[in-house]
Q: 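First, the structure itself, so that you have it in front of you.
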Amino acid sequence: MPLLETQGLTKVFGGLHAIDDLDLHIEEGEIVSVIGPNGAGKTTFFNLVSGMIQPDSGKILFEGIDLVGLAPHQILELGIARTFQNVRLFQNMTVLENAMVGQHARTRSGPIRAILRTPGFRAEEEAIRRKAEEALAFFGTRLIGYRLEQPAFVLSYANRRRLEIARAMATEPKLLLLDEPTAGMNPRETLELTELIARLRDEKGFTICLIEHDMRVVRGVSDRVICLDYGRKIAEGTYHEVATNERVIEAYLGTKAVEGV
Amino acid sequence: MAQTVDARQALPERELVPSPPVDLGAAVKWGLIAGMTAVFVSAIGMVQAFEVRSVVVGVDLGYLVLFGAALVFGYAAARPGEQLEGFLAPERGVRNVAAGLIAGLVGGAVLWLFVLLIGAVDIRSVFPSVSPQLRDLLTFGRGAGFAAAALIGGFGLVGALGGGIPVLPERIRAPLVNALAWVLAFGLFEDLFAQIFRGAKVPFLEDLLYQPGGGLSLVGALIVFVLFFAVYLSTASRRETVRSRIATMSPSERRRWVGVGLVVAIVILAVLPQILGNFLSEVFDLAGIFLMMALGLNIVVGYAGLLDLGYVAFFAVGAYTTAVLTSPGSPRWSPEMTFVAALPFIVLAAAMAGIMVGTPVLRMRGDYLAIVTLGFGEIARLLFLSDWLKPYFGGAQGILQIPPLELGPLTFRSSLDFFYPIYAFVLVFAYVSWALQNSRIGRGWMAMREDEPVAEVMGVDVVKAKLTAFVIGAILASFGGALFAHKIGSVFPHSFQILVSIVVLVIIIVGGIGSIPGVVVGALILVGAPELLREFAEFRYLIYGVLLIFMMLKKPEGFIPSRQRARELHQEEMMQDAWLRKEEEAAAAAGS
């Protein structure tokens, strides 16, 4: 059974079929890249999987459980975490607090235990902090040390992207959805992140699905590439298979003008 | 901020541009504002009304307000602009004093023109306060010629003094301004301090500081000034080190100090009402009840970011539940319980009210939420007022005969007694607020406040988080209502006007949203101070309004802001700080 599977997934905005009868699957332990021209429905696909919007029809199965109708926090609890294309951190919370929020769904203490400061509560807080720091430490020294107590908005752009990934990691997901993780990064940072994505799978055991425009990143990390256009899957396979696919080239560059007309 | 200055000095000197000098043209504008302010306070009768009140050695409050305008706007005119990146620190010198002088002279001239005007034209039909007595007051009883010299000269002098403040070195300036503020406070709140001296069994201090007719004596003013000047001067350097020590304390050490602070606070709270006496205890009781509500609303608005304008509804639920359960005069059903026995039911009723208000607004945000909750607040009041529920809650007649508060063998009757249960609850609520803020649920609320959809995707159950916030807020407010009912001995629908919600909201905004010390200070200042200024009758709301506008313009994060809120409103500065820090690190790295 694949980790994530969609069957006939459709989402219509007005008259626009953002996702149109989409069938795809992601196997456990894979790194899958979703590519496609602007407006192909890549981010809509992520929004559907993470429960931020509901599909018009079709199924999203995660480990055999249908996610349609579940609230975003329930989906996260099942083990799907995501990042956002336009970095959406909790700007005024510290770096550490941002990562600690990631542990919210994995912990249980309510207001009464918080007020009474029970031993269970203290132990849980300690564990939350440790896991958050662990997630942050994945990026070397970039997010720890004095940065732990800095508000998220003072971070550099690349660090914000890293913090968003750390926050998602802190939720202890099985499937990590990364929405253009290298957008806006310089070539060196991009290269570094490409290596990190591979490490995320190898060391942390996450299955990863990423949306990416930078073809060097896609080539560098993907086990499998899926290309969307107008909400439909037009190609699937290894990077080279997809990169040489007629329909993919057509989607990106347009159809050849028919000669002689 | 000191760090910022250091960092600036550490930067390499590369083509720094001199800052623009103080704008003397703008000083004229400030002078006009000063003049208009002086005219305004004269025309509405403030100067006359305050004439009877001596503050410091015969200087009455009326003149103080008048010339205070010259001081404040003289300072405003002379204040150097912000130092921007790449500029030298602005020069401070004669030019600043000149700006203050110009502002003062212009202000005095405007006021003198007003004196001429009211001498020539009778505008009493529009401004009843503009009487011959006012003219006498403004001309010092010696005619227009003297007034010209006295007003323009006096305003100019005071303006120049105000303009001189920014010129003083920082080391002197802060103690000076603080000491002057204390002198003013001692003069203004004479009743408060005199009562404290009497209560603390040191009545000779009262005779020493104040003169028989009211107001600080010369000796008194000097003592207060010198004392506070010395205290501020000697502690200025130490305060910085204390602050940095607090920042570097280990958690266990910090916990010990918090414990010490708590013991000190409890001791002070225990003896305070004995010193304050009955009237001032009453003021503090009222402030305490608002403080309980403010701590509750702080959780709803400050932590969870749910703007609730109908918060008074929960206060009313608490008060009415208490009234019905404890009063023998309850119209339909009077179990005549004790406060302790009624408590679980009060909590239950408040929690239900919280859920009733919270559930329909789960999907609303910001302005929409505010409007709907505003409606709920009014609905609650109208329900208690309605004929429909009159058999249960007594309609406009309310419920009377609520017994005094009993806790075991203790009975609390007077304002002095009530101080203890009220501030005991305040302490508990302050702890509860702190405990919730530093917990999983507190972080969930903060995340929700920052970005609700993302918080939800990151695993925060927003439905649960919102309802929890509403319920906890409701319970805190209902305790305030319960104590209020016991204290007053009766409840009427008109005690639960929309204004209560607004005042509580203003307390947390002015104090500092999301900050517990801020809320405490806000409640004491906004509820306590107007009570103490009762002698100023209708003008106190004017002062109140001016204070609010000033706060919102100059310190929108509140008196004692929460770290998070301060960050939000000063992102730009913090970004610059971070940039400077990086620059500094780079310079250090290059140097080594």
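All values derive from a computational prediction rather than experimental measurement. Quick note on labels: first sequence line is chain A, next is B, and so on, each numbered from 1.
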Q: Please output the side-chain donor-acceptor pairs of residues 64-77 of chain A that fall under 3.5 Å, not counting sequence neighbours, one pair per line with the distance.
A:
from, atom 1, to, atom 2, distance (Å)
A/Asp66, OD1, A/Ile60, N, 3.3
A/Asp66, OD1, A/Val68, N, 3.1
A/His73, NE2, B/Asp461, OD1, 3.4
A/Gln74, OE1, A/Ala71, N, 2.7
A/Glu77, OE2, A/Arg108, NH2, 3.2

Q: Please list, chain by chain and in numerical order, all residues satisfying salt bridge (Lys or Arg N to Asp or Glu O under 4.0 Å) with A/Glu125, sequence neighbours excluded.
A: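 For A/Glu125 the salt bridge (Lys or Arg N to Asp or Glu O under 4.0 Å) partners, ignoring immediate neighbours, are B/Arg443.
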Q: What's the separation between atom CD1 in B/Ile441 and atom OG1 in A/Thr107, rounded to the nearest 0.5 Å?
A: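 The distance works out to 10.0 Å.
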Q: When only heavy atoms count and the cut-off is under 4.5 Å, which of residues 350-364 of chain B reach chain A?
A: none
Q: What distance do B/Ser439 atom OG and A/Glu124 atom CD have between them, rounded to the nearest 0.5 Å?
A: 10.0 Å
Q: Taking every non-hydrogen pair under 4.5 Å, which of A/Met52, A/Arg82, A/Arg88, A/Met100 racks up the most with chain B?
A: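 Ranked by contacts with chain B, first place is A/Arg88.
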Q: Which atom names give the shortest non-hydrogen contact between A/Phe121 and B/Asn438, and what distance separates them?
A: CZ-O, 4.0 Å
Q: For B/Asp451 and A/Phe90, work out which heavy atoms get closest and say how close.
A: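 For B/Asp451 versus A/Phe90, the nearest heavy atoms are O-CE2, 3.9 Å.
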Q: Distance-only, no hydrogens or angles: does the A/Arg117 side chain make a donor-acceptor pair with backbone N or O of B/Ala435 under 3.5 Å?
A: yes
Q: Using heavy atoms and a sub-4.5 Å threshold, report which of residues 165-179 of chain A line up against chain B, by residue number.
A: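 Residues of residues 165-179 of chain A touching chain B at under 4.5 Å: A/Arg167, A/Thr171.
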Q: First locate atom NE2 of A/His104, then atom CE of B/Met448, and finally report the distance between them rounded to the nearest 0.5 Å.
A: 9.5 Å
Q: Which one of B/Val460, B/Leu436, B/Val432 has the most heavy-atom pairs closer than 4.5 Å to chain A?
A: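 Top count of heavy-atom pairs under 4.5 Å with chain A: B/Val460.
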Q: Would you say that more than 12 heavy atoms from the other residues, nucleotides or ligands in this model lie under 6.0 Å from the CZ of B/Phe559, or not?
A: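 Atom CZ in B/Phe559 is packed in, count exceeds 12.
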Q: A quick test of your reading: do over 12 heavy atoms of other residues, nucleotides or ligands sit less than 6.0 Å from CD of A/Gln85?
A: yes
Q: What distance separates B/Glu450 CD from A/Asn98 CG, expressed to the nearest 0.5 Å?
A: 8.0 Å
Q: Sort A/Ile115 into side chain, backbone, both or neither according to what part of it lies under 4.5 angstrom from a heavy atom of chain B.
A: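 When you check distances to chain B, atoms from both the backbone and side chain of A/Ile115 fall under 4.5 Å.
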